[in-house]
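In what follows, a single structure is set out as structure tokens and then discussed.
Naming: A, B, ... by sequence-line order, numbering from 1 per chain.
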Protein chains: 2
Amino acid sequence: MVYEGHKRVIIEHLRPQIDGGEFPIKRVLGERVRVEADVFADGHEQLAVLLMWRPMSAKTWKTKPMRPLANDVWSASFVCEGLEPYEYTVRGWMDHYETWRLNLIKKMDVGQDISVDLRIGAAFLKKGVKQAKGNKKKILESIFKKFNMLKNDKAIRLFIQNEKYNQSIRESITPSFITEYNKKLQVKVHRTRALFSSWYELFPRSTKENSLQHGTFKDCEKILPDIAAMGFDVVYFPPIHPIGVTNRKGKNNVLGAASGDPGSPWAIGSAEGGHKSVHPELGTIKDFRRLVKKTKSLGMEIALDLAFQCSPDHPYENEHPEWFKWRPDGTVQYAENPPKKYEDIIPFNFETRDQKNLWKELKSIVDFWIEKGVRIFRVDNPHTKPYVFWQWLLGEVEKSHPDVIFLAEAFTRPKIMRHLAKLGFHQSYTYFTWRTTKKEFIKYLTELTKTEAKEYFRPNFWPNTPDILSIYLQNADRAAFVIRLVLAATMSSNYGIYGPAYELCENQPTPGKEEYADNEKYEIKDWRLGAADSMRPFITQLNHIRRKYDAFQTTRNIRFHRSESEHILCYSKMSRDTAEIFIVVVNLDPQGTQSGWVDIPVLDWGFDKDRPYQVEDVLTEVKTTWTNERNIVKLDPRKCPAQIFRLEKIS
Amino acid sequence: MVYEGHKRVIIEHLRPQIDGGEFPIKRVLGERVRVEADVFADGHEQLAVLLMWRPMSAKTWKTKPMRPLANDVWSASFVCEGLEPYEYTVRGWMDHYETWRLNLIKKMDVGQDISVDLRIGAAFLKKGVKQAKGNKKKILESIFKKFNMLKNDKAIRLFIQNEKYNQSIRESITPSFITEYNKKLQVKVHRTRALFSSWYELFPRSTKENSLQHGTFKDCEKILPDIAAMGFDVVYFPPIHPIGVTNRKGKNNVLGAASGDPGSPWAIGSAEGGHKSVHPELGTIKDFRRLVKKTKSLGMEIALDLAFQCSPDHPYENEHPEWFKWRPDGTVQYAENPPKKYEDIIPFNFETRDQKNLWKELKSIVDFWIEKGVRIFRVDNPHTKPYVFWQWLLGEVEKSHPDVIFLAEAFTRPKIMRHLAKLGFHQSYTYFTWRTTKKEFIKYLTELTKTEAKEYFRPNFWPNTPDILSIYLQNADRAAFVIRLVLAATMSSNYGIYGPAYELCENQPTPGKEEYADNEKYEIKDWRLGAADSMRPFITQLNHIRRKYDAFQTTRNIRFHRSESEHILCYSKMSRDTAEIFIVVVNLDPQGTQSGWVDIPVLDWGFDKDRPYQVEDVLTEVKTTWTNERNIVKLDPRKCPAQIFRLEKIS
């Protein structure tokens, strides 16, 4: 081993850093990366520590001096300005000039003889003059001349405390024995929607107005303006491909489908095509392109479902039998998790010898839909396909289309969910759906926003999905739906609803399961949206608040506050420029009015002690005044179980 | 990037791991390394996970299956059996046979048709027979034959639950698509004394009995048997080299030494020699060799001080002026931390262009004393020399002498102390000296023994040193000395005392400083050891307990327990084979009797509820019985402020 023996500065534990730098952290355009490192050296001398960062395509580094905090931690930050990966690292060296300068002051303070020290200082300047070039050389020569003419302590003090001189001197002296941190760490930079998005999920086949007939993309177009008016920006469709006939599931997931049953859209592939085809009853590729365009014109975009599995009728089974597992009896291996069987679903065998072609083909599916204008994919069960496959696929797509966003639908164990996020998924479904108590929310959100996970795991909160009608919402009142919506939309900057069912407070479960009765996955629905008692106006207002205020456009800024009632969850969200602060209070009990003290650290935020400040509930626009840190809230679920207060000083 | 697309198992966060594997963990001979990793795969299949370890000199790995704990954590352990570095890593793969086996049981449990599954099973066995060799092939053929003859469910169940068959089958099938963790992590293995040692520091020049004359190594020999009888195993000497004359410090650290003042041993070097010489008044190198031998014969060893600095009279300054910093007035740069000056100390300039020769020479000093039989070095202020230097030096010494132990005397900021430990120091001085309250002890010991630091930082607890007479011991009663001694000797497996001063409860400070009055660093003492009121008998007993019971021979096993009194610290130490448990209770208040409830989790330890058990204070040999978890202790500092209870079930 070769030791670089002159390097005296140690740089350790550069952060944020995921798994020793194996995985990048994530930011969106314009977001800041606050970098910290433990930096120290032997002895008592001064250090210079520099943050270095650049887009990975750039040749030169941008730099900024880091500042020491307590306990040998140094800190500085930079902003990601381009839609491309960045890298960052830290350099440090002994700052001999600064050491000399500060020691000189200390010696003068106690009246020690400094004649030799001044001669040492002159040597620094001489070296600087020698190393500087061009105009800088001239400036330094003039500074040196001034230094040589210093007559008394007062003049010396003025000189060495002149920050302009010091900067010129420091810049002119080439540092030696520089330590660079042993890794360059990466940031993936995504577009803003990766961090801030409001999703509306719907089955396009259920969009024919007042009808149980199969809807088309054209029917779908007609309801888009209403979704846009509600303030959503992503419209997500379950798979839109031809649906298999063999072992098709009937209504309520029964094994034998009746004639006319449309089947689950996730049973992809029939004689009419596979993952690159559109289910004929929905329309054509041309219709789809038109729909994409229409959606875009409304300020939204379509998200498609990537479900890498086949129905028994998928053309792949004939064209690429080597991509599947075959049983000794000559039948293809269907999906199973014994004793459960999923006979309408055939998984790919990722251990196939023809792996390269399988991967290539799956990527070509993504490319196909990108070419049709899709930029967001919701990935079905990514945790049942190899992780290296996703790492490769997402990496390849990023190279050509850095604006594509993938949402991981992995409702599985925590480490697996985190791993998928690490290897590239832009957003992730979460356990939000099953968190209901105050303690659970605080614990879970703390885990998501205050641990390392905040650097790479972007939560997307869904109160419901076609797969999940949580116990909390089963047979529940409208208040319960309001509670879950406010929580999702104000705690997390990414959230979504399975829209038609949520708007209408659909609350009927399949008995004993967390599943909707008469699930839309297996039948066409006539939703009759826009009913008088629909949640549309409330949803619209909530999305309006999210769009208007920066504080709701990031998730990491959540901070919980003490509230007296065990039913009242209280948290704040502060805008990234710290100018605006919101306090959200939610009564988690949909049945009864709850009230109690909440403690808001307004003094920390620069509010004056004993001076009233204004709190405006942006849901109702009702204003009131509070004073100091303790105030009372009262939440009646029959009116509204939540309040979103905007705090404002009264001048 | 090339993805190994068939590897489906993910292995993350292998631990213990220091700074991404940059630094090794530490163990002593025979100590266990418990390894954990997060391991998972896509899908629902079974995994096989293997811990792999070997001495780094070995070609083949030892292996052991890891067992799953909760939350995707897998665990196994190994023991370090040789005095050389070990490495460890983890491998994992999909266990298709085990998946098949468990699924078959699940299917049989619900009565599903398994005929196809049996044919799949036969294929596994066939493959196994094909891949197996020699005797194993024969065994597998016979197992296969049995499998083919299975007639009914009961026989099938018996077969696939036969662990012998399963092991043969598993061993015969070569696993494919193996994931190996991306790093091999290192363990440095040291001799036992690196973990368990009792140090006695003394100035050899103060060993002439009943005299203020300069003692010699021969005088020193005479008191060694007493130190051995007290149960110490390391006798540590401040520097034994010629002491400089220029700027020599007089009594009580005054700048001008009076004639006859011996000077500080840390001002190394005079016309009589430098770091490879012995101060003539102490004797000769031959005398030193004899002393080393004598010490060894008493079951102890000598630790020398490595203070890499020079007095102004050190021969190096003439021989190697390039190793020092020279000031513009032609004088050599002395040590300073402005406004403080240390004019009797000249530091090396580690930024010298002649760095290689400087390093080489410093290493030759260590080699010189190793050659004289020394195997332990206490390193003076390592944090004022470059860290890379120590990493190199300790690494080089380890190659030729893996039995050499270095103790870092760095009383400085936490990250620096930890860094020195990471880069190779075997033991470290600590903040123990300044921890006095219950809260402080619990916090500090938790930091040392329950965080990552426990893997590489071996604390050595010193109640006093020639540099530090802590406030707690200043003008304090004997009880205070007993308290600090019990804490040091029972909390930490490595501890030491500046012996003569401690034995005699020397408590006079230099006013306003944490320093002894009339410090032995600057004058010769006539200690008159063995006085009637000396702490010798108590120290002897404490060291006896440490030697007798394994529980006190490691530090990581400390566990704190609730005690009612804020003055009573209560902790347990369990032997590594879990057979013996000790409860230590210490009254931190040397002035007054304290009593109160302590809560001991005896039920966790397998003691029966409501059945009395015996507690024997091994200090007094007084036995009593306790019942259940809450018991009362009462500690009178005038008798003894501490009790060390050995717990024993009454049969």
Considering only NZ, NE, NH1 and NH2 on the basic side and carboxylate oxygens on the acidic side, decide whether A:R157 and A:D109 come within less than 4.0 Å.
-> yes
Option that, when pairs with chain B are counted at under 4.5 Å, heavy atom only, ranks first among A:V110, A:I10, A:V9 | A:I10
Relative to chain B, which segment of A:K341 carries a heavy atom at a distance below 4.5 Å: side chain, backbone, both, or neither?
-> side chain
Salt-bridge criterion met for A:R119 and B:D329 (N-O under 4.0 Å) | no
Atom group of B:N103 that falls short of 4.5 Å from chain A, counting heavy atoms = both
Out of B:Q17, B:K385, B:E336, B:H419, which one racks up the most heavy-atom pairs below 4.5 Å with chain A?
-> B:H419
Under 4.5 Å heavy-atom distance to chain A, tell me which part of B:V116 shows up: side chain, backbone, both or neither.
-> both
Can you tell which part of A:A122 gets under 4.5 Å to a heavy atom of chain B, answering side chain, backbone, both or neither?
-> neither
Heavy-atom distance under 4.5 Å to chain B: side chain of A:E22, backbone, both or neither?
-> side chain
Which atoms of A:H13 approach chain B - backbone, side chain, both or neither, heavy atom under 4.5 Å | neither
Under 4.5 Å from any heavy atom of chain B - which part of A:N71 = both
Are A:F23 and A:Y456 an aromatic pair by the rule of ring centers under 6.0 Å?
-> no
Under a 4.5 Å heavy-atom cut-off, does chain B meet the side chain of A:Q112, its backbone, both or neither?
-> side chain
Look up atom OH in B:Y97 and atom CZ in B:F124, then write down how far apart they are to the nearest 0.5 Å.
-> 9.0 Å
Among A:M94, A:K7, A:E12, the residue with the most heavy-atom pairs under 4.5 Å to chain B is A:E12
Of the listed A:P414, A:G43, A:G20, A:P328, the one with the largest count of heavy-atom pairs under 4.5 Å with chain B is A:P328
Which atoms of A:T352 come close to chain B, meaning under 4.5 Å heavy atom to heavy atom: side chain ones, backbone ones, both, or neither?
-> backbone
Please determine if B:E36 and B:R15 form a salt bridge, counting it only when a charged side-chain N lies under 4.0 Å from a carboxylate O.
-> yes
Is the closest side-chain heavy-atom distance between A:L14 and A:L185 below 4.5 Å?
-> yes
Among A:H96, A:K183, A:E45, A:K356, which has the most heavy-atom pairs under 4.5 Å with chain B?
-> A:H96
So what's closer than 4.5 Å to chain B heavy atoms on A:D19: side chain, backbone, both or neither?
-> side chain
Taking NZ, NE, NH1 and NH2 as the nitrogens, is one of them in A:R418 or A:E452 under 4.0 Å from a carboxylate oxygen of the other?
-> no
Min side-chain heavy-atom separation A:F457-A:F425 under 4.5 Å | no
Near-ring test B:Y334/B:Y342, centroid separation under 6.0 angstrom | no
So, B:D42 and B:R8, do they make that salt bridge, N to O below 4.0 Å?
-> yes
Tell me, for A:F177 versus chain B, whether the close heavy atoms (under 4.5 Å) come from the side chain, the backbone, both or neither.
-> side chain
Between A:W390 and A:Y387, does the ring centre distance come in under 6.0 Å?
-> no
Please flag which part of A:I120 lies under 4.5 Å from any non-hydrogen atom of chain B: side chain, backbone, both or neither.
-> both
What part of A:K415 is in contact with chain B, defined as an atom under 4.5 angstrom from a non-hydrogen atom: side chain, backbone, both or neither?
-> both
